[in-house]
Amino acid sequence: MSTDAYTSRPVERAAEEVREGLAVAALAVAVCSYAQFAVHARFDAGMTGEVLPVLWSVVPEEQRAAYPARLEEFVDTHRERLVRLFAEYGPQSATARHGRCELLAHPVSLIVLEQLVAVRSRYALAARWNGELPDRWLNDISTTWGVGELL
């Protein structure tokens, strides 16, 4: 692993890959899967554009081609838990109406949740997230998933 593995340089490289369309398949899986849990939710593409490069930077380059299948497997494995999570904290919930868990109103939240499952990716995500995006976004979603605050 390079010395800049937990700095913004990987996020900058991942942002370029996202702009080049290399994360399109993963995002498509997230959007299709998300529709199963958050019916009639409208999400801000701007937030997706902010968050996706950070998430993509955590996925090891050699695993990126297979990542859409990994995300589908995560959704299938955790379907019941995701249904409960989105019912309680998702975009139509009372929690969301009070301005919390706003990341759960976006399909990329499924990618965040998938990365929270593995301890190694959880801490890599926190390291890359730190200073790039609002701490509250990650802390809200990690707390609702039962991991606790990471930042």
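Side-chain atoms are counted along with the backbone in the values below, which use heavy atoms only and exclude waters and symmetry mates. Note that the structure is predicted; figures quoted are calculated from it, not measured.
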Tell me every residue that passes salt bridge (Lys or Arg N to Asp or Glu O under 4.0 Å) with Arg70, counting only those two or more places apart in sequence or in another chain.
Glu114
Could you work out, with salt bridge (Lys or Arg N to Asp or Glu O under 4.0 Å) as the rule, every residue matching Arg122, not counting sequence neighbours?
none
Is [Y] close to [X] at the side-chain level, that is, under 4.5 Å between some pair of heavy atoms?
X	Y	result
Glu50	Glu132	no
Tyr123	Arg128	no
Gln36	Phe86	no
Leu55	Gln115	yes

With sequence neighbours excluded, residues passing side-chain hydrogen bond (donor to acceptor under 3.5 Å, both in side chains) with Tyr89
none
State whether Trp56 and Arg13 meet the cation-pi test: NZ (Lys) or CZ (Arg) under 6.0 Å from the six-membered ring centroid, and within 45° of the perpendicular axis.
no
Rounded distance (nearest 0.5 Å) linking atom [atom1] of [X] with atom [atom2] of [Y]:
X	Y	atom1	atom2	value
Leu113	Leu104	CG	CG	6.5 Å
Leu110	Glu72	CG	CD	11.5 Å
Ser142	Leu125	OG	CG	9.0 Å
Trp129	Ser57	CH2	OG	10.5 Å
Leu103	Leu138	CG	CG	8.0 Å

Can you name the closest pair of heavy atoms from [X] and [Y] and give their distance?
X	Y	result
Arg79	Asp76	NH2-OD1, 2.7 Å
Leu150	Ala126	CB-CB, 3.9 Å
Val51	Trp137	CG2-CZ3, 3.9 Å
Ala105	Tyr34	C-OH, 2.9 Å
Pro91	Ala38	CG-CB, 3.8 Å
Pro53	Ala14	O-CB, 3.2 Å

Can you hop from [X] to [Y] via hydrophobic side chains spaced under 4.5 Å?
X	Y	answer
Val29	Leu22	no
Leu82	Val147	yes
Val83	Leu71	yes
Phe37	Val31	yes

So, [X] side chain and [Y] main chain: donor-acceptor pair closer than 3.5 Å or not?
X	Y	value
Thr144	Ile141	yes
Asn139	Glu149	no
Ser109	His106	yes
Ser33	Ala30	no

More than 12 foreign heavy atoms under 6.0 Å from CD of Gln63: is that the case here?
yes
Does the pair Ile111 and Tyr67 meet the rule for a side chain to side chain contact (heavy atoms under 4.5 Å, CB included), with working shown?
CA-CA 10 Å; Ile111 300 172; Tyr67 187 76; 3.4 Å; yes
